[in-house]
2 protein chains.
Amino acid sequence: MNTAPPSGSTPVSASEPAPAAPRWLSDDQQRVWRSYLHATTLLEDHLDRQLQRDAGMPHMYYGLLVKLAESPRRRLRMTELAMDAKITRSRLSHAVARLEKNGWLRREDCPSDKRGQFAVLTDEGQEVLRGTAPGHVAAVRQALFDRLTPEQQKSLGEIMQIVAEGLQPNEAGADLPWLR
Amino acid sequence: MNTAPPSGSTPVSASEPAPAAPRWLSDDQQRVWRSYLHATTLLEDHLDRQLQRDAGMPHMYYGLLVKLAESPRRRLRMTELAMDAKITRSRLSHAVARLEKNGWLRREDCPSDKRGQFAVLTDEGQEVLRGTAPGHVAAVRQALFDRLTPEQQKSLGEIMQIVAEGLQPNEAGADLPWLR
DNA sequence: GGGCACTCCTTGAAGTTTGAACAATCAAGC
DNA sequence: GCTTGATTGTTCAAACTTCAAGGAGTGCCC
């Protein structure tokens, strides 16, 4: 939402520390971008409400429990969990504090590194997942997969893969296309 | 993030007020879903930081200013703005209060409906947009469009259109003359 | 062993979002 | 006019996120 030249405007003054003449998006690209913003905010809101209602937590917190459930001894180091979930350690600390208060996970000291903490999914947390996963999957199917052809699903996967790789802090593809 | 059957588990008990046997996502669909979550959270974070740094406001607030800039007299009724932006009226009230404090928009009473308020973009707000739009567009291009082929862009647009329509409270293409 | 830079995670305050409740106004019917 | 029900936008409190410190521990080098 920001992609159109200031309506009825002249270009930005040419005498600034200019990033050269701005290249606006084409009309088609603007439509795509607006659709993207619409769809992603609506979907995230939808899933947040669904999970808040059925599981008593926001989508992100649910994702943390899922990641723990999929991990070896249902546990992950804080930093690893944060990286997996693409959130800051600070945010994770707050989230884990809340989930711990709910009894859905607990912290454990790391024996080999006294600074370290494990987040461990409790049986109770596991149970919450077991009970709410079907409803959540249904919501995702209904909002997304049931509406897309197999080709579209495949295409969506490829596109999102590309975007994610491009934004990854480090990741393979990084050469030096842009400075910052 | 929630789409895999509880790992190493038996299906949910069949004796509940059951929503029938849950249909999990296929492996391919799970990969797509995870990519989707990765990409969308990374992109939203990226743009939020970019705008917070360069414009001093989060992405959503920026979107509000853009919508006002594109509107007839740079103004929109609160409710209409909220619907356009897909946010609640409450959230909009807070956002507008903050943006008003910044001097980037102001409120005006609606003459025909004493309950109503207009949000009006100020010159100062317009100026902020003019100054930060190029950088924001560049960020969007760099993160998204520059990485996708024209076919992928088209496909993404179609997919997001479908998803958005599916989640829209009502809104179809063709009627409701009272809107707009 | 004493610095020194770094990592791991937490904390507190400020900012944002949510959901429920609310006063004011409108609109329609009687 | 009066009542009822919906709409408009705001407010409060609680929850969540961000950002800037900060305490503790580790690794390394001399």
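Numbered from 1 within each chain, the chains take letters A, B, ... in sequence-line order.
Within 4.0 Å (heavy atoms only), Asp113(A) reaches sugar-phosphate atoms of the nucleic acid but no base atom. Among the protein residues, Tyr61(B) comes within range of the sugar-phosphate backbone only, with heavy atoms under 4.0 Å from sugar or phosphate atoms but none that close to a base.
Glu108(B) has its CD atom 14 Å from the P atom of dG9(D), to the nearest Å. Spacing between atom CZ of Arg53(A) and atom P of dG19(C) amounts to 11 Å, rounded to whole angstrom units. Between Arg89(B) atom CZ and dT17(C) atom P the separation is 17 Å, expressed in whole Å. Taking atom CE of Met60(A) as the reference point, atom C1' of dT18(C) lies 16 Å away to the nearest angstrom. Remark: C1' of dT18(D) and CZ of Arg98(B) are 13 Å apart, rounded to the nearest angstrom. Atom pair Asp109(B):CG and dT8(D):P shows a separation of 16 Å (rounding to whole Å applied). Met57(B) has its CE atom 16 Å from the P atom of dC19(D), to the nearest Å. Atom CG of Leu81(A) and atom C1' of dC8(C) are 14 Å apart (whole Å).
Put simply, the side chain of Ser90(B) and the base of dT17(C) share no donor and acceptor less than 3.5 Å apart. At a cut-off of 3.5 angstrom, the base of dG9(D) holds no donor-acceptor pair with the side chain of His94(B). With hydrogens and angles ignored, no donor-acceptor pair under 3.5 angstrom links the side chain of Ser93(B) to the base of dG9(D). Side-chain atoms of Arg115(B) stay outside donor-acceptor range of the base of dG9(D), with no qualifying N/O pair under 3.5 Å.
Under the 3.5 Å distance criterion, with hydrogens and angles disregarded, no donor-acceptor pair is assigned to the side chains of Glu108(A) and Gln117(A). A donor-acceptor contact under 3.5 angstrom links the side chains of Ser155(A) and Ser155(B), judged on distance only.
The two residues Ala164(A) and His38(B) make their nearest non-hydrogen contact at CB-CB, 4.2 Å.
Where Arg77(A) and Asp45(A) meet DNA chain C, the nucleotide closest to each residue was compared, and Arg77(A) sits on the side nearer the 5' end. When the nearest nucleotides of DNA chain D are assigned to Gln52(A) and Arg107(B) by heavy-atom distance, the more 5′-ward of the two goes with Arg107(B).
With Leu121(B) as the fixed residue, the side-chain contact (heavy atoms from CB on, under 4.5 Å) test singles out one of Val128(B), Leu76(B), Leu99(B), Leu65(B): Leu65(B).
Residue Arg91(B) places no side-chain N or O under 4.0 Å from the OP1 or OP2 atom of dG19(C).
The listed nucleotides are dT25(C), dC16(D), dT10(D); the one nearest the side chain of Pro58(A) is dC16(D).
Between the side chain of Ser71(B) and the backbone N or O of Arg74(B) there is no donor-acceptor pair closer than 3.5 Å.
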